[in-house]
Peer 1: 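One structure follows; several queries about it will come next.
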Number of protein chains: 2
Amino acid sequence: MFKELDPLLHSQLRLAIMSLLLGLDSADFTFLKEKTNSTAGNISVQLDKLSEAGYISIEKSFNGKKPLTTCKITKKGIKAFEDYVNSLKTYIKN
Amino acid sequence: MFKELDPLLHSQLRLAIMSLLLGLDSADFTFLKEKTNSTAGNISVQLDKLSEAGYISIEKSFNGKKPLTTCKITKKGIKAFEDYVNSLKTYIKN
DNA sequence: ATAAAGTAGTTTATAATATAAACCAAAATT
DNA sequence: AATTTTGGTTTATATTATAAACTACTTTAT
């Protein structure tokens, strides 16, 4: 009947992050922070969780002298997102 | 960009309950418990929350000698569900 | 040159949530 | 009459989301 909803994706902020990353080659910390209208702390925590799950990859470098955190969605992440959306449909369709 | 997700509906079990109620005239406690594959305690708590928010109405009666808790979705609940689905679409549509 | 403000984050604390476990009362079963 | 089942509620616990506080540096103003 109802499919399980991956708890890692069933979170407003993490879902927003994944949704953004799905449409882009990559995105940096500040971009995600602005687009999601969230706080740095919250973003930081959620990126870690997504990264630990293997849903995104994170690269830390420097943009000139400033730290730069770049995120990409992984294949596993794309799959998880698609599965999540499919599961969701068992709740909201019709 | 992303719309807020009503935290009351952004919960697997409450969403399942609402989804069920949306398609029925009414449903009783046991039915909801079985269809959602959840525990009585969890159902009880979530029904209270939905009821307090005015998303459902709860009627307690007896079926012969057995207690019977009957739930109906309210107009407010239907509206909230629709809004939730629309908000959700800002995250999952491509 | 140095103080103040801004950037790009991380870590820690707190409040809210979901969930399960324990419990209760009555009814049905053995 | 003791045990199990039914239909729940209440309480406890573990997880989560979120914000607040902090770090480390850079840029800007004085």
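Keep in mind that the numbers below use all heavy atoms, side chains included, and drop hydrogens, waters and symmetry copies.
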Peer 1: Mapping A/Asn42 and B/Lys66 onto DNA chain D by nearest heavy atom, which one lands closer to the 5' end?
Peer 2: B/Lys66
Peer 1: In whole angstrom, give the distance that lies between atom CG of B/Leu47 and atom P of D/dG8.
Peer 2: 9 Å
Peer 1: Provide, to the nearest angstrom, the distance between the CG atom belonging to A/Asn63 and the C1' atom belonging to D/dT27.
Peer 2: 14 Å
Peer 1: Name the nucleic acid region contacted by B/Gln46, choosing base, sugar-phosphate or nothing; use a 4.0 angstrom heavy-atom cut-off, strictly under.
Peer 2: base
Peer 1: Looking at every strand, decide which applies to A/Ser44 at a 4.0 Å heavy-atom threshold: base, sugar-phosphate, or nothing.
Peer 2: base
Peer 1: Counting any heavy atom closer than 4.0 Å, what does A/Ser38 reach on the DNA or RNA strands: base, sugar-phosphate only, or nothing?
Peer 2: nothing
Peer 1: What is the distance from CG of A/Asp6 to P of D/dT16, rounded to the nearest Å?
Peer 2: 11 Å
Peer 1: Between B/Phe2 and A/Ser19, what is the shortest heavy-atom contact and its length?
Peer 2: CE2-OG, 3.5 Å
Peer 1: What pairs of donor and acceptor atoms, side-chain ones from residues 29-40 of chain A against any protein atom, are under 3.5 angstrom apart with sequence neighbours left out?
Peer 2:
residue: A/Thr36; atom: OG1; partner: A/Leu32; partner atom: O; Å: 2.6
residue: A/Thr36; atom: OG1; partner: A/Lys33; partner atom: O; Å: 3.4
residue: A/Thr39; atom: OG1; partner: A/Asn42; partner atom: N; Å: 3.3

Peer 1: Is any side-chain heavy atom of B/Leu5 closer than 4.5 Å to a side-chain heavy atom of B/Leu88?
Peer 2: yes
Peer 1: Does a nitrogen or oxygen in the side chain of B/Lys65 sit under 4.0 Å from OP1 or OP2 of D/dT5?
Peer 2: no
Peer 1: Separation of A/Leu50 atom CG from D/dA17 atom P, in whole Å?
Peer 2: 10 Å
Peer 1: In Å, rounded to the nearest 0.5 Å, how long is the span from CG of B/Leu20 to CE of A/Met1?
Peer 2: 5.0 Å
Peer 1: For D/dT18, does either OP1 or OP2 sit under 4.0 Å from a side-chain N or O belonging to A/Thr39?
Peer 2: no
Peer 1: If you assign B/Asp48 and A/Lys49 each to the DNA chain D nucleotide with the nearest heavy atom, which residue ends up on the more 5' nucleotide?
Peer 2: B/Asp48
Peer 1: Can you name the nearest heavy-atom pair linking A/Arg14 to A/Leu8, along with the distance?
Peer 2: NE-O, 2.6 Å
Peer 1: Measure the distance from CG on B/Leu68 to C1' on D/dT6 and round it to the nearest whole Å.
Peer 2: 12 Å
Peer 1: Side chain of A/Val45, heavy atoms from C-beta onward: which of D/dT18, D/dG8, D/dA17 has the nearest atom to it?
Peer 2: D/dT18
Peer 1: Check whether any side-chain nitrogen or oxygen of B/Arg14 sits under 4.0 Å from OP1 or OP2 of C/dT17, and answer yes or no.
Peer 2: no
Peer 1: Base, sugar-phosphate, or nothing: which does A/Ile43 touch, judged by heavy atoms less than 4.0 Å apart?
Peer 2: nothing
Peer 1: Check the distance between C/dT10's P and A/Glu52's CD and give it to me in whole angstrom.
Peer 2: 13 Å
Peer 1: Atom NE2 of B/His10 and atom C1' of C/dA18: how far apart are they, to the nearest Å?
Peer 2: 13 Å
Peer 1: How many Å lie between CG on A/Leu32 and C1' on C/dG9, as a whole number?
Peer 2: 13 Å
Peer 1: Map B/Ala40 and A/Phe29 onto DNA chain C by nearest heavy atom, then report which one ends up closer to the 5' terminus.
Peer 2: A/Phe29
